[in-house]
Amino acid sequence: MSKNKLGSAMSKQAMEEACDRALSNHEAQKEKELIDLIAHMVVDVTFMELTREKKLLEHPKGYHLDGSHSCEICGCICKDESTWYDRYGVKCITCQAAVDKKIISKTFFKKRDSYYTMFDLEYCFNLNAKIIRRWIKLGILKAREIPAQGGGTHATFFLIKDNKTFLPPKHLIKSAIAKEIKDGKEEYVFPVPWYQVFDQPLDRIKRYGIAQLLVTAQP
Ligand SMILES: [Zn+2]
């Protein structure tokens, strides 16, 4: 047996062990192509990270990246001069300006459970933006607003540490996954908000101010 054929046979055996069933040659070939693709992607990502880290040594405060990237803070797509990369990650220059002005910290976005976004509040508590803005205006809810470059607001965050008595920790309001049985098989479909899962949802968060307002909140 040639070295290549031996390698291929061993790969198929390893894949069959991982799948816990026999694979046809066609299935094994498809699996191998997928593994090769993932391996190439891992190599590409590793190379890209090493290149970025090397450049960071020359520019420790950060620099613009080439091409389009997703901002790790606001999620928007930014490009070339609109990007900023430093040891804390990839950001758009609007969010980076908010970090420089200390409106938000360099690392708050790394802990996803430490804050709510506008979308989180709308989805998790079945609210609309009008009510949320009213609560901000009344001082009930403390927001960190990232100013847009041309005026207005670029993004808004609600840190739990800023709203300790008002917003519950996120583990209390985790979404559930809806399951559907089709042809005897269990299929995962979409997330369901926590308040549709529990019989008395407000009891879970009754210690927090938002629970009192959810009863009466009207658009
Ligand atoms: Zn951003």
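Counting starts at 1 for both ligands and their atoms, in listed order. What you see is a predicted model; the values in this text were computed from it and never measured.
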Distance-only donor-acceptor pairs under 3.5 Å for side chains of residues 62-69, two or more places apart:
unit_1, atom_1, unit_2, atom_2, d
Tyr63, OH, Arg52, O, 3.0
His64, ND1, Glu81, O, 3.3
His64, ND1, Thr83, O, 2.6
His69, NE2, Asp66, O, 2.7

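- Protein atoms of type N, O or S found under 2.8 Å from the Zn ion (ligand 1) total 4.
- Side-chain contact between Pro168 and Arg204 is absent, with no heavy-atom pair separated by less than 4.5 Å.
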Apply salt bridge (charged side-chain N to carboxylate O under 4.0 Å, His left out) to residues Asp120 and Lys170 and explain how you reach the verdict. CA-CA 10 Å; Asp120 290 339; Lys170 283 185 147 180; 3.2 Å; yes
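- Ion pairing between a basic and an acidic side chain is recognised when a charged N comes within 4.0 Å of a carboxylate O; Asp100 and Lys61 show no such pairing.
- No hydrogens or angles considered: nothing links the side chains of Asn25 and Gln29 as a donor-acceptor pair under 3.5 Å.
- When side chains are defined from C-beta on, Ser114 does not count as touching Lys161, because their heavy atoms never get closer than 4.5 Å.
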